[in-house]
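This is a predicted model, so every value here is computed, not measured. Position 1 is the first residue of the sequence, and the numbers go up from there.
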Amino acid sequence: MRSTGFRRTLAALSVCSLALAASACGSDGDDSASGKTRITVNCMPPKSAEVDRGFFEQDIASFERQNPDIDVVAHDAFPCQDPKTFDAKLAGGQMEDVFYTYFTDARHVVEINQAADLTPYVKELKSYDTIQRQLRDIYTVDGKVYGIPRTGYSMGLIYNKKLFERAGLDPEQPPATWEEVRAAAKKIAGLGGGTVGYADYSAQNQGGWHFTAELYSQGGDVVSADGEKATVDTPEGRAVLRNLHDMRWTDDSMGSKQLLVINDVQQMMGAGKLGMYLAAPDNIPILVKEKGGDYKDLALAPMPGGQGTLIGGDGYMVNKKASPEQIRAALKWLDHMFLTPGDGFLGDYARAKKNDAPVGLPEPRLFAGAADAKDQQVKKANANVPVENYQAFLDGNQSLDMKIEPPSAQQIYSVLDGVVSAVLTKEDADIDQLLKDASGKIDGILARG
């Protein structure tokens with residue numbers, strides 16, 4: 001699944017608007033006759049996101065001033081990518097020259113032969129070697145580079161420090177194991193007044209997404225390393241479901257209302273009625289700006305279990321029809337917009353602070369080495385949120401295995417949704433049978449490719 005937001009309070013934004021659906025979104029050529037190389041790009045914030053759109057427009061204007069031989073035409077809509085229309089736009093020639101993708105799209109776009117091979121040009125991308133290798137590798141298929149990462153996120157445990165204190169728990173020592181999560185959830189639920197200790201999703205594929213993250217945290221996996229067989233019917237898979245079952249039915253620490261989705265859980269946390277849930281850092285400004293929460297009360301810990309965490313994110317790929325000049329222009333644009341530490345659309349922290357956008361959240365963390373140090377230095381200098389609340393997350397992530405979502409993720413999540421929802425709505429749910437049935441269904445999905 002994608003994470004919930006842009007760097008600020010936006011959900012990930014998009015692409016070719018419906019008004020453009022009747023005509024190709026890609027450029028009509030590189031305009032070489034006019035002496036300019038023209039590229040179309042997507043994921044421009046819509047007019048309704050006034051501040052972010054203004055930043056995007058400012059950065060494009062700045063880029064064109066520095067590169068007068070390049071003309072950038074940006075398209076907007078919501079969201080940045082609609083999975084229901086993504087393949088059709090690619091196949092129908094509707095896609096922009098430079099287009100947004102989730103990490104999980106990379107191999108698929110290459111397999112259907114819709115991405116330009118960037119390998120001969122990537123040396124011209126000044127920032128390429130500064131990007132974390134594990135993120136670069138996501139867009140590397142069979143040794144060739146087909147895309148450039150733009151952001152990355154990892155899952156952690158968001159918790160309410162005020163409720164921890166009221167329940168007699170130390171808010172500076174968040175749960176590090178699932179046993180500790182269960183114990184803390186029980187104490188928080190014991191406060192009464194409709195307070196829930198721990199909440200989880202179990203509908204709209206989001207339950208399958210979180211099951212995957214929880215399985216990673218236990219050291220398990222959803223599919224085998226070769227991507228051909230399900231690996232959910234395992235001791236780790238049973239441990240995930242048994243823990244959810246016991247919190248729901250034995251401890252009564254998850255509340256009686258189930259089949260929750262992300263908005264339900266965010267409402268509970270923002271209202272101060274929830275102790276903990278799994279999420280990425282970009283949930284925090286949403287909890288404050290939209291759900292009534294307070295930055296000082298919201299803290300972030302690494303995934304319990306100490307084994308691994310689910311990572312996701314996005315990047316840009318280039319249309320296979322792009323000319324060499326357009327590919328070079330695209331890489332220059334990406335460098336300028338997203339890949340300069342402490343600058344650009346996502347990294348100009350001084351500008352963000354001036355416009356009352358949250359600065360200091362622990363992610364996205366795109367760079368490595370000296371580039372990361374510079375980016376973090378500029379971020380820290382402009383921080384306007386309590387960065388100490390996220391230190392445990394930053395420290396704990398250093399030892400976790402960072403794992404991307406499985407292939408055919410949405411189809412698999414749909415299967416696992418049923419497993420999680422059964423455990424949370426039926427006290428006598430047969431965990432062994434649920435996992436056995438899910439394993440067979442996932443095997444079928446993987447066999448179909």
Side-chain angles (χ1 to χ4, degrees), residues 1-14 43-59 76-80 150-164 171 196 199 201 204 206 260-301 312-314 344-365 378-391 393-394:
M1 305 283 287
R2 62 177 171 84
S3 195
T4 60
F6 239 15
R7 173 171 54 79
R8 305 177 183 88
T9 58
L10 301 176
L13 307 168
S14 171
C43 202
M44 182 185 192
K47 292 179 180 178
S48 58
E50 184 176 350
V51 172
D52 283 286
R53 187 180 180 97
F55 289 170
F56 205 89
E57 291 173 338
Q58 290 170 25
D59 292 336
D76 73 330
F78 183 88
C80 276
R150 187 195 72 154
T151 68
Y153 75 86
S154 60
M155 300 288 283
L157 183 75
I158 291 182
Y159 65 99
N160 186 307
K161 294 179 69 175
K162 183 182 290 187
L163 289 182
F164 266 57
V196 172
Y201 314 152
Q204 297 180 15
Q206 295 173 19
L260 304 174
V261 294
I262 188 169
N263 185 61
D264 301 316
V265 175
Q266 289 175 337
Q267 293 280 13
M268 294 163 63
M269 181 62 82
K273 292 295 185 179
L274 174 62
M276 299 169 283
Y277 77 105
L278 297 183
D282 65 354
N283 270 233
I284 293 173
I286 294 173
L287 294 172
V288 175
K289 298 282 187 177
E290 301 177 19
K291 311 300 180 184
D294 191 315
Y295 281 116
K296 66 180 175 57
D297 296 332
L298 299 168
L300 188 65
D314 56 49
F345 180 64
L346 299 178
D348 190 339
Y349 302 119
R351 180 175 65 180
K353 180 181 180 180
K354 184 178 179 181
N355 285 271
D356 195 32
V359 177
L361 297 173
E363 288 179 344
R365 199 154 186 172
V378 179
K379 179 188 286 188
K380 183 177 181 180
N382 291 281
N384 57 7
V385 297
V387 294
E388 63 275 8
N389 284 6
Y390 322 129
Q391 193 60 49
F393 175 80
L394 288 170

For [X] and [Y], work out which heavy atoms get closest and say how close.
X      : Y      : value
Asn382 : Ala350 : OD1-CA, 3.4 Å
Gly360 : Val387 : O-CG1, 3.5 Å
Met155 : Ala280 : SD-N, 4.1 Å
Pro281 : Ser154 : CD-O, 3.6 Å
Ala383 : Lys353 : O-NZ, 4.4 Å
Leu361 : Val385 : N-CG2, 4.0 Å

Heavy-atom check, side chain of Asp52 versus side chain of Phe345, under 4.5 Å: yes
Would you mind reporting whether Leu157 and Leu300 have side-chain heavy atoms less than 4.5 Å apart? no
As a quick check of understanding, evaluate salt bridge (charged side-chain N to carboxylate O under 4.0 Å, His left out) for Lys289 and Asp356, giving each step before the final call. CA-CA 11 Å; Lys289 298 282 187 177; Asp356 195 32; 3.5 Å; yes
Measuring from [X]:[atom1] to [Y]:[atom2], what's the distance to the nearest 0.5 Å?
X      : Y      : atom1 : atom2 : result
Ile284 : Gln266 : CD1   : CD    : 11.0 Å
Asp348 : Phe55  : CG    : CZ    : 7.5 Å
Phe56  : Leu346 : CZ    : CG    : 9.0 Å
Lys380 : Tyr349 : NZ    : OH    : 14.0 Å
Asn384 : Tyr295 : CG    : OH    : 7.0 Å
Asn389 : Ile158 : CG    : CD1   : 11.5 Å

Return the set of residues passing salt bridge (Lys or Arg N to Asp or Glu O under 4.0 Å) with [X] (not counting sequence neighbours), or none when no residue passes.
X      : result
Lys162 : Asp297
Glu50  : none
Arg53  : Glu57, Asp76
Lys379 : none

Whether Asp294 side chain and Lys296 backbone form a donor-acceptor pair below 3.5 Å: yes
Treating Gln206 as the side-chain partner and Ile262 as the backbone partner, does any N or O pair qualify as donor plus acceptor under 3.5 Å? yes
Residue pair Glu363, Thr151: steps toward the side-chain contact (heavy atoms from CB on, under 4.5 Å) verdict: CA-CA 8 Å; Glu363 288 179 344; Thr151 68; over 6 Å; no
Of the options Met268, Gln267, Met269, which is the one that meets Lys291 in a side chain to side chain contact (heavy atoms under 4.5 Å, CB included)? Gln267
Run the numbers on Val261 and Tyr201 for side-chain contact (heavy atoms from CB on, under 4.5 Å), then give the verdict. CA-CA 5 Å; Val261 294; Tyr201 314 152; 5.7 Å; no
Can you name the residues that form a side chain to side chain donor-acceptor pair (under 3.5 Å) with Asp264, not counting sequence neighbours? none
Do we see a donor-acceptor contact under 3.5 Å between the side chains of Asn160 and Lys273? no
Pairing residues for Phe393 by the ring-ring contact (aromatic ring centres under 6.0 Å, His included) criterion, not counting sequence neighbours: none
